[in-house]
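Next up is a structure, given as structure tokens.
The chain is numbered in sequence order, starting from 1. Computed from heavy atoms alone, side chains included, the values below leave out hydrogens, waters and symmetry copies.
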Amino acid sequence: MLQSLLAVAHLIGLVLAVGSATTKLVLLRKSSADPTFVSAYLRVAGPITHLILLGTALLIVSGVGWLVSGYPLTVKLVIKLVLVAAIVGTGAIMDRVIEPKFRTLAPAEGAPPAPGFARVQAQYLALEATATLLFYAVIIYWVL
């Protein structure tokens, strides 16, 4: 029973985290291509980030649950955990450093962007792409 609950929690976390990260990346990419979309992106980025955090928390809690219930710690699992740590670290840098700068420098509707906005936007896009690709890397690695 516990294994089934952990599996369901892990799958729900996976859907929330990966789906939301993909959505956020696509919308951020659109705002990079279309500066008039930046304000719309800023309105939805926070709620999407909360879904990513909720999904990641479910993944971590269910993963810890499996470890506590006796799941063997293999080399493959250690590599997966390192990738998950990279996702969490990248996410923390984005949420605490880059995204606040992005919000501060983002242009108001119809206004020109502040100096340095393009650089921060490129950093943000690179980190968001990295974190999202790491989610996919974990999935592909684990399935193979």
Nearest-0.5 Å distance that lies between atom CG in L105 and atom CD in Q121: 10.5 Å

Answer yes if the side chains of Y136 and T22 hold a donor-acceptor pair under 3.5 Å, and no otherwise. yes

Which pair of heavy atoms, one from P107 and one from V38, lies closest together, and at what distance? CD-CG1, 4.4 Å

If only side-chain N and O atoms count, and only distance matters, is there a donor-acceptor pair under 3.5 Å linking S69 with Q3? yes

For K76 and W142, indicate whether the former's side chain and the latter's backbone hold a donor-acceptor pair under 3.5 Å. yes

So, does S62 use its side chain to make a donor-acceptor pair with the main chain of L59 at under 3.5 Å? yes

If you compare all heavy atoms of R103 against all heavy atoms of G46, which two are closest, and at what distance to 0.1 Å? NH2-N, 3.7 Å

Quick check: is L81 connected to I139 through a chain of hydrophobic side chains (ILVMFWY, heavy atoms under 4.5 Å apart)? no

Supply the atom-to-atom distance L16 CG to I52 CD1, rounded to the nearest 0.5 angstrom. 10.0 Å

Cluster link L58 to L6, ILVMFWY, side chain under 4.5 Å: no

With the 4.5 Å side-chain cut-off for hydrophobic clustering, are L53 and I12 part of the same group? no

In terms of heavy-atom contacts, A86 and L134 come closest through CB-CD1, 3.8 Å

For the OH atom of Y141 and the CG atom of L83, what is their distance to the nearest 0.5 Å? 8.0 Å

Quick check for you: to the nearest 0.5 Å, what is the distance between E99 atom CD and Q123 atom CD? 13.5 Å

Between I79 and L77, is there shared hydrophobic-cluster membership here, with clusters defined by ILVMFWY side-chain heavy atoms closer than 4.5 Å? no

Which pair of non-hydrogen atoms, one from A106 and one from F117, has the smallest distance, and what is that distance? CA-CE1, 3.5 Å

What is the distance from atom CG of L27 to atom CD of E128, rounded to the nearest 0.5 Å? 10.0 Å

Group every Ile, Leu, Val, Met, Phe, Trp and Tyr by side-chain heavy-atom contacts under 4.5 Å, then state whether V8 and L2 land in the same group. no

Name the orientation class of the two ring planes belonging to W66 and Y71 (parallel below 30°, tilted from 30 to 60°, perpendicular beyond 60°). tilted

How long is the straight-line distance from CG of L125 back to CZ of F102, given to the nearest 0.5 Å? 9.0 Å

